[in-house]
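This report concerns only the one structure given below.
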Amino acid sequence: QPAGYPGIGREATPKEVAAWNIDVRPDFLGLPKGSGTVSRGQDVWESHCAACHGVFGESNEVFSPLIGGVTAEDVKTGHVARLNDKGFPGRTTFMKVSTVSTIWDYVNRAMPWNAPKSLSTDEVYSVVDYLLNLSGIVPDDFVLSDATMAQAQQRMPNRNGMTTDHGLWPGKGMGNGGKPDVKAVACMKDCAGEPKVASFLPDHARNNNGNLAEQQRLVGPQYGVDTTQPPG
Amino acid sequence: QPAGYPGIGREATPKEVAAWNIDVRPDFLGLPKGSGTVSRGQDVWESHCAACHGVFGESNEVFSPLIGGVTAEDVKTGHVARLNDKGFPGRTTFMKVSTVSTIWDYVNRAMPWNAPKSLSTDEVYSVVDYLLNLSGIVPDDFVLSDATMAQAQQRMPNRNGMTTDHGLWPGKGMGNGGKPDVKAVACMKDCAGEPKVASFLPDHARNNNGNLAEQQRLVGPQYGVDTTQPPG
Amino acid sequence: PAALAQANPVPAEGGDPNILNLPSYSKGLGQPVASEGGYGKPSQYEANVQRRPSPGLTQTTQASVSFAPLQSLFGIVTPSGLHFERHHQGWWDMDPAKHRLMLNGSDEKMLKRPMVFTMDEIMRLPSVSRFHFIECGANTGMEWGNVAVPTAQYTHGMLSCSEFTGVPLKILLDMAGADYKRGRYLLAEGADGSSMTRTIPMELVESGEVLVAYGQNGEMLRPQQGYPLRLVVPGVQGVSWVKYLRRIEVGDQPYATKDEAVHYIDLLPGGQHRQYSSTQECKSVVTTPSGGQVLLDKGYYQISGLAWSGRGKVKRVDVSVDGGRNWRTARLQEPVMSKCLTRFTLDWAWDGKPALVQSRAMDETGYVQPSYGQLRAVRGTRSIYHNNAIQTWLVQESGEVKNVQLS
Amino acid sequence: PAALAQANPVPAEGGDPNILNLPSYSKGLGQPVASEGGYGKPSQYEANVQRRPSPGLTQTTQASVSFAPLQSLFGIVTPSGLHFERHHQGWWDMDPAKHRLMLNGSDEKMLKRPMVFTMDEIMRLPSVSRFHFIECGANTGMEWGNVAVPTAQYTHGMLSCSEFTGVPLKILLDMAGADYKRGRYLLAEGADGSSMTRTIPMELVESGEVLVAYGQNGEMLRPQQGYPLRLVVPGVQGVSWVKYLRRIEVGDQPYATKDEAVHYIDLLPGGQHRQYSSTQECKSVVTTPSGGQVLLDKGYYQISGLAWSGRGKVKRVDVSVDGGRNWRTARLQEPVMSKCLTRFTLDWAWDGKPALVQSRAMDETGYVQPSYGQLRAVRGTRSIYHNNAIQTWLVQESGEVKNVQLS
Ligand code: HEC
Ligand code: HEC
Ligand SMILES: [Ca+2]
Ligand SMILES: [Ca+2]
Ligand SMILES: [Ca+2]
Ligand SMILES: [Ca+2]
Ligand SMILES: [Ca+2]
Ligand SMILES: [Ca+2]
Ligand SMILES: [Co+2]
Ligand SMILES: [Co+2]
C-alpha cells in the first residue's frame with residue numbers, strides 16, 4: 001500500500017492495464033502484433049467507413065475529407081506542398097498528419113464513429129493500409145504490420161511538416177521554453193494610423209446565425225438587432 | 001437630469017410615489033386618514049381572515065397564532081410576562097409585537113395572504129381594531145383611526161419589550177456600535193472538560209426528515225445512512 | 001436509490017469487470033450538443049442532491065424554506081438551482097420589462113427628486129460583481145434548545161454563496177440627491193404579495209457594499225431569488241436582501257416592519273427581544289463528514305467545511321475531532337473574500353473509534369465562534385435567530401455520523 | 001420574441017401604468033418552495049440566453065460545438081447550464097459508481113505500481129477548489145481570415161469559467177510511485193467513444209495545478225463537461241482537459257494523438273504546422289457592447305468585458321473606442337486570479353457617432369495581446385487555433401453593433 005492514504009486505491013492487474021492501455025505512440029510503442037492488406041482494408045472500408053467518409057475518403061458529408069491533396073512529390077519530400085496553396089479547398093487528414101501511428105491509434109480507439117473499438121486488430125491494420133494506399137503512400141500489395149509500419153512512416157507525405165519550435169508548450173521537453181512569437185507594445189496615445197474597416201459581414205449574411213434579436217436578453221443596456229429586417 | 005448618467009432614470013410623479021409609498025412607521029408617518037370599528041373588523045375578519053387564522057386568531061393551521069398569551073397586566077406594564085414562561089406553548093404575534101403600526105402596515109400590504117392589498121383603508125383600520133380588541137388592548141367600542149392609533153400604542157402589551165442594545169446592527173444610529181455579546185477564546189490544547197453528549201436525535205426520529213440515504217450523493221467519501229432501518 | 005457499497009476489491013477474475021468489459025459509452029456514439037434546449041442539467045445520478053424543505057417546519061409551502069444540500073457541495077459557489085429558498089408569500093416569475101424601481105424619501109426633503117428606473121436603465125449603470133454569502137437569520141434556528149434535525153442540509157442549509165452583479169445603491173441615491181445627513185435608514189420593499197420590507201443602515205450603503213443586483217453566478221437572478229432585482233446587503237441576514245425589489249425609501253427612523261418587529265427578533269433570557277439584529281456573526285460548519293453520512297472504512301479522510309463572517313474575512317478555522325479538547329488549524333482555500341464563504345480542509349486519519357468533529361472560525365476582527373455553552377450563557381435557549389454556535393458531529397464506531405450537542 | 005422598446009418616458013396619465021396599476025404578483029399568492037423538483041431553473045424571460053451551435057460550422061451535432069452566450073453573462077462565473085460544449089463523439093451520462101481511473105506507465109519502470117481508483121476513493125483524497133477559465137484552442141478560429149460570425153457568442157463563446165474541485169494529479173502519481181525523472185509526458189484518456197487523448201507536460205502536474213476534478217461550481221461536473229471526472233489543466237486549451245477521464249499514462253515521449261497531430265496544430269505561412277501548441281495566450285473581448293446588439297440611446301454606457309491569460313494573472317486591460325488610436329485603462333474586478341477570467345469595466349459616454357470599440361489585455365509576464373496585423377505578420381491567416389487578436393466592434397450611428405476587422 002502506498003504511504004499517506006492507506007486503503008485508497010489499489011494496484012491495477014496486468015489484465016486491467018492490457019484492457020485500457022491501447023495507445024500507440026509515434027515510436028510504435030503500444031502497437032499490437034498483427035497485419036492487414038489493402039484489399040481486406042477496402043472491404044472493411046466499404047462496409048464500415050465509406051457511408052460516412054465516401055468510397056475514396058473524399059466525402060465532406062459528416063467530416064472533412066480524409067484523402068486528397070497529397071502528391072508523389074510530397075511522399076518524397078515529406079512536406080505537403082498544397083499546404084502552401086491558398087486556393088486549395090480544405091485540408092485533408094493526410095495533408096496534415098505526420099505520424100502513421102496517429103491514424104492507427106485513432107481508428108483503433110474511435111472508429112467507426114458510431115461503433116468505436118469494434119474492429120479487430122487486423123481490420124485496423126487493413127483499413128489503415130487502405131487509406132495509406134489511397135493516399136499513394138504504399139503500393140497495392142503492401143502488407144501493413146507491426147513490422148512494416150516504420151516503412152510507411154518513412155513515406156508519410158507530411159512527415160517533415162511539424163515544428164515544436166514555439167512558445168505554446170507549457171513544459172521544458174519541447175518548444176522554446178514559452179517565449180511568445182508576437183511582441184506587441186501597449187501604446188496609449190495616437191497609436192496606429194487612421195483605422196479602416198477591412199472586413200465585416202455583408203448585409204445579406206446578417207441573418208446567417210439566426211435572428212440575433214432572439215439571442216440577446218430581453219432587458220439590458222441594449223437589445224439584439226432584428227436581423228430578419230434589413231439594416232437601418 | 002442628474003449629473004453623471006444623463007438619460008438614465010427619471011423623476012417619479014407624485015401619483016406614482018403615492019401608489020407605492022404605503023409604509024407606515026412607528027411614529028405613524030405614512031398612515032392614511034381613515035377609521036374602523038371592532039364590529040366592522042369582526043365582519044372583515046370572519047369573511048377574509050378567520051378561515052386561515054381561526055375565528056379568534058388562535059389557529060395554528062397555516063401559521064402561528066396571532067392572538068393569545070397577553071394579559072391585562074401586560075397592557076399596564078408593556079412587558080408580556082409569558083415571554084418568560086418556558087412552559088407556554090408558542091409565542092403569538094401580540095406577545096411579541098411592540099408597535100401597532102407594524103400590524104397596520106403588514107395587514108395593509110400583505111393580508112389576506114392570498115389577496116394582499118385588496119382591503120380598503122377603513123377595512124384595515126377595522127380588522128386591526130378587532131385584533132387589538134381580541135387581545136384586550138382596546139375596548140369593544142374603540143374606534144381605531146389615524147387620530148386614535150397613538151392611544152392604542154400606549155397600551156400595546158409588549159411595547160417595552162424591545163432593546164436595540166446589541167452588536168448586530170451594522171450602523172451607528174442604533175445598537176452598541178457592533179460590540180459582540182459573546183467573547184470566546186481560541187484555546188488549542190486540553191481546552192474543555194471531558195466532552196459529554198447532552199442532546200441527540202432519538203432513534204425513533206431518525207427517519208423524520210425522510211430517508212437520508214436518498215439525500216446524499218451516490219458516490220463520495222461517504223454515503224447516506226438508510227434511516228428506514230434501525231441503527232447499527 | 002439507496003447508497004451503494006464502497007468497494008474496490010482486488011478482483012477475483014484477474015480484473016474489475018468495469019474495466020475488462022468496456023461499457024457501452026466507450027463503444028458508441030453519444031448525445032448531440034445543445035441537446036437539452038440550450039440550457040444543461042445535472043447528471044441523472046445527482047438526483048439526490050436537491051434543495052429540500054424540512055418536514056413539519058412550516059404549515060404552508062409558500063411561507064416556507066427549502067434548504068441547500070451543503071453536505072454535497074464543493075468549493076464556495078452554490079449552484080443557483082440549489083440555492084436555499086425562503087419565501088413569505090411564494091415566489092413569482094416577473095416580467096422584467098414591466099418591473100420598476102422607485103426611490104423616494106420618507107418626507108419631501110429627504111431626496112432632491114424621487115426617481116423611477118426601468119431594468120434597462122439599471123443595467124446600463126456602472127456595475128460590480130462580488131462573491132458574498134447569504135444566510136437566513138433563522139439558519140440553525142431549530143437547534144437553539146437541542147438537536148432537532150439530522151443533517152447539515154437542515155442544520156445549516158439556509159446558507160448559499162454566489163457571485164452577485166449589480167449597481168451600488170449609492171450611485172442611485174446620489175442621482176436622486178439623497179440627504180445623507182438626515183437619511184440614516186433605508187426601507188427596501190419588494191413587489192411580491194408580501195411586499196417584504198426591511199430597514200437597512202445607510203452606513204452599509206455609503207461603504208459601497210449594498211448592491212441593487214440583477215446578476216447571480218453569471219446569469220440573471222433566479223425567480224426564487226428575486227428576479228429581476230434584489231437588494232444585496234453583504235454580511236446581513238437574508239431577509240434584508242429584499243427580493244423583487246421595487247422601492248427604496250430614504251428615512252430618518254427605522255421602520256419596525258413585520259419582519260423586524262415580530263420575526264427576526266432575538267428572545268433573551270428575561271423576556272426582552274433584541275430588535276434590528278441584522279449582522280450574521282462569524283460561523284462555520286464541517287460538511288464532510290456530517291450528520292446522516294456513513295464512513296465505510298477507517299483511514300484517511302479530508303475533513304472539509306465552510307466558514308463565514310458578516311463582519312469581514314475569515315482569518316482562521318480550527319478543527320477538533322475530540323469534542324473541543326484539542327484543535328488543529330485548517331487550511332483555508334484561496335481566495336478568502338470579505339463576507340463570503342471560505343472553504344477549509346484538514347487531513348484526518350479515522351481510527352475507527354467514536355470522534356466528535358467540530359470547527360471553530362475566527363474572523364478578521366478577532367471574534368471567535370462560540371460554543372453552545374458560551375452562546376447560551378448570554379442568549380439562553382429560546383431564541384430562533386442568529387445561532388452561530390460550534391456544530392458537533394459524532395462519528396460513531398459504526399461509521400454513522402450523528403448531529404449532537406455537548407454539555 | 002424580438003427586442004422590446006427601451007423607454008421610460010414621463011408618463012402622460014401622471015404615472016406609468018406599471019406603477020399605478022399594481023401587477024397581479026403584488027396582489028396574489030406565489031409558488032411554493034422546492035416547486036421545480038428541488039432543482040431550480042432560470043426565469044422564462046431568460047429563454048434567449050442559451051448555448052448555441054453556429055449554423056453550418058460542423059457537419060454533425062455530436063462532433064460539434066455549442067457556444068456560451070458571453071454577451072449576456074455577468075461577472076466571471078459561467079452558469080454550468082450555459083458552459084460551452086465541444087464534443088468529438090457526443091456526450092454521455094455515465095454511472096459514477098462504475099467509473100474507474102487507471103494510472104499506468106508507458107513501460108514497466110515508469111510507475112512503481114499501476115493503480116486503479118473508484119470515484120469513492122478519488123473523492124476521499126485531499127482536494128482543492130480553484131477558479132479557472134477553459135477556452136477551446138479553436139475559439140475565435142473562424143475569424144483568422146476575416147469576419148465570419150456576428151456576435152461575441154460565436155466569436156469568443158468557446159470560453160467558460162468555473163470553480164473546479166478535485167485532487168491534484170500529483171497526489172495520485174506520488175501514490176503510484178511515478179518516475180518523475182524519465183516520465184516528463186502524460187497521456188490523459190477519456191472513457192467515451194472518442195476516448196479522447198492528449199499529451200500533458202509533467203511540469204504542470206508538478207506545479208500542483210493539474211487536477212483530477214469532479215466538482216464544478218459547487219456541484220458535480222455536468223455530463224457535457226465530463227461527469228464524473230475530467231482533467232483540469234489551467235491555462236491550457238480545452239481539448240487537453242480530457243472529459244470522462246479513465247486513464248493517465250506516464251511516459252517519456254509525447255503521443256501525437258489525433259487531436260494533437262491532425263487538429264489543434266497551427267498552420268504557419270510556408271506550410272509548416274506547430275504541434276503541441278497548448279497554452280492559451282493572453283486575450284480579451286468586450287462583451288458590452290458587442291456584435292448583434294443595438295444601443296438605443298446616446299449617453300452613458302459601461303463598457304464591460306472579459307480578459308484572461310494561460311500564463312497567469314491579468315495585469316491590465318486597456319480599452320479604445322477609436323479603433324486603437326487612443327486607449328484608457330479599465331477597472332479590473334477583484335478577485336483577479338491566475339488562469340481565470342477577469343471582468344473589466346470602463347465608463348463611456350456614447351456621442352452617437354460611429355465608434356470602434358476594442359480591448360487589449362496584458363498579463364503578469366508583460367505579454368500584450370496583439371492586433372490582427374501583429375498576429376498575422378507572424379502566423380498568417382490560415383490557422384484555425386490560438387487566435388488571440390484584439391476584437392473590434394463597430395458601433396454604428398444607428399446604434400447597431402457589428403463585428404469588424406481593421407486594416
Ligand atoms: C457514422 C459516421 C462515421 C463512420 C461510419 C466512420 N467515421 Fe471516421 N469520422 C467520422 C467523424 C464525424 C469524424 C470526426 C470526429 C471528430 O470530430 O473527432 C471522423 C474522423 C475520422 C478520422 C480522423 C480524421 C481527421 O482528420 O480527424 C479517421 C482517420 C477516420 N474517421 C477513419 C474512419 C474509418 C477507418 C472508419 C471505418 C472503420 C470510419 N472512419 C468510420 C464519422 C465516421
Ligand atoms: C390564505 C390564508 C390567510 C388568510 C386568508 C389571511 N392570512 Fe394572515 N397570515 C397567513 C400566513 C401564512 C401568514 C404568515 C406569513 C409569513 O410567513 O410572512 C400570515 C400572517 C399574518 C399576520 C402576521 C403574523 C405574524 O406573527 O407574523 C397578521 C397580523 C395577519 N396574517 C393578519 C391577517 C388578516 C388581518 C387577514 C385578513 C384580512 C389575514 N391575515 C388573512 C395566512 C392568511
Ligand atoms: Ca478501500
Ligand atoms: Ca454537408
Ligand atoms: Ca432614457
Ligand atoms: Ca397544521
Ligand atoms: Ca414612506
Ligand atoms: Ca501506453
Ligand atoms: Co430568513
Ligand atoms: Co477544442
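When all heavy atoms are compared, the tightest approach of Ala191(C) to Ser26(D) is O-OG, 2.6 Å.
Heavy-atom distances place both the backbone and the side chain of Gln44(C) under 4.5 Å from chain D. For Tyr244(D), no part sits under 4.5 Å from any heavy atom of chain C, backbone or side chain. In this structure, the portion of Ile19(D) lying under 4.5 Å from any heavy atom of chain C is its side chain and not its backbone. Contacts of Thr165(D) with chain C are made by side-chain atoms alone, with heavy-atom separations under 4.5 Å and no backbone atom involved. For chain C, no part of Met119(D) is nearby; none of its heavy atoms comes within less than 4.5 Å. The part of Lys41(D) that comes within reach of chain C is its backbone (N, CA, C, O), which places non-hydrogen atoms under 4.5 angstrom from that chain. Both the backbone and the side chain of Tyr45(C) come within contact range of chain D, with heavy atoms under 4.5 Å apart. Interface residue Asp93(C): backbone and side-chain heavy atoms are both found under 4.5 Å from chain D. For Phe131(C), the part lying near chain D is the side chain, with the backbone staying farther off; criterion is any non-hydrogen pair under 4.5 Å. For a residue to count as touching a neighbouring chain, one of its non-hydrogen atoms must lie under 4.5 Å from one of that chain's; by this rule Met337(C) touches chain D with the side chain only. Heavy atoms of Gln89(C) lying under 4.5 Å from chain D belong to its backbone as well as its side chain.
Here the straight-line distance linking atom CH2 of Trp92(D) with atom CG of Leu29(C) works out to 7.0 Å at 0.5 Å rounding. Between the CD atom in Gln50(C) and the CD atom in Glu36(D) there is a gap of 12.0 Å [rounded to 0.5 Å]. Distance check: Gln333(C) CD to Ser127(D) OG gives 8.0 Å after rounding to the nearest 0.5 Å. Between atom CD of residue Glu121(D) and atom CG of residue Asp297(C) there is a gap of 8.5 Å, rounded to the nearest 0.5 Å. The OH atom of Tyr25(D) lies 11.0 Å from the OG atom of Ser195(C); values are rounded to the nearest 0.5 Å.
Taking the six-membered ring for Trp and thresholds of 30 and 60 degrees, Tyr214(C) and Phe74(D) have ring planes more than 60 degrees apart, a perpendicular arrangement.
Between chain C and the residues Leu221(D), Ile76(D), Thr288(D), Leu73(D), the largest count of heavy-atom pairs under 4.5 Å involves Ile76(D). With respect to chain C, the highest number of heavy-atom pairs below 4.5 Å among Val65(D), Thr58(D), Leu346(D) belongs to Val65(D). Ranking Met102(C), Gln225(C), Lys98(C) against chain D, the residue ahead of the rest is Lys98(C), based on heavy-atom pairs under 4.5 Å. For the options Ser304(D), Ala34(D), Pro17(D), heavy-atom pairs under 4.5 Å to chain C are most numerous at Ala34(D). Between chain D and the options Gln62(C), His99(C), Arg246(C), heavy-atom pairs under 4.5 Å are most frequent for Gln62(C). Among the candidates Gly75(C), Ala47(C), Pro23(C), Ser24(C), the residue making the largest number of heavy-atom pairs closer than 4.5 Å to chain D is Gly75(C). Heavy-atom pairs under 4.5 Å with chain D were tallied for Pro126(C), Gly215(C), Ser64(C), Gly193(C); the largest tally goes to Pro126(C). Of the listed residues (Leu22(D), Thr60(D), Asn217(D), Val116(D)), the greatest number of heavy-atom pairs within a distance under 4.5 Å of chain C belongs to Asn217(D). Most heavy-atom pairs under 4.5 Å with chain C, from the set Val77(D), Thr61(D), Val33(D): that is Val33(D). Contact count against chain C (heavy-atom pairs under 4.5 Å) is highest for Gly90(D) among Gly90(D), Ser66(D), Ser35(D), Ala63(D). Put simply, of Lys27(C), Gln224(C), Arg130(C), the one with the most heavy-atom pairs under 4.5 Å next to chain D is Gln224(C). Interface check for chain D: of the options Glu334(C), Arg52(C), Met123(C), His87(C), the most heavy-atom pairs under 4.5 Å are formed by His87(C).
Taking Gln216(C) as the reference, Ser162(C) meet the side-chain hydrogen bond (donor to acceptor under 3.5 Å, both in side chains) condition, with sequence neighbours excluded.
Checked by atom type and distance alone, the side chain of Glu219(D) never pairs as donor or acceptor with a backbone atom of Pro79(C) at under 3.5 Å. A donor-acceptor pair under 3.5 Å is formed between the side chain of Arg124(C) and the backbone N or O of Tyr300(D). At least one donor-acceptor pair under 3.5 Å links the side chain of Arg222(C) to the backbone N or O of Gly40(D).
Side-chain atoms of Tyr39(C) and Glu46(D) form no donor-acceptor pair, as typed in the model, at a separation below 3.5 Å.
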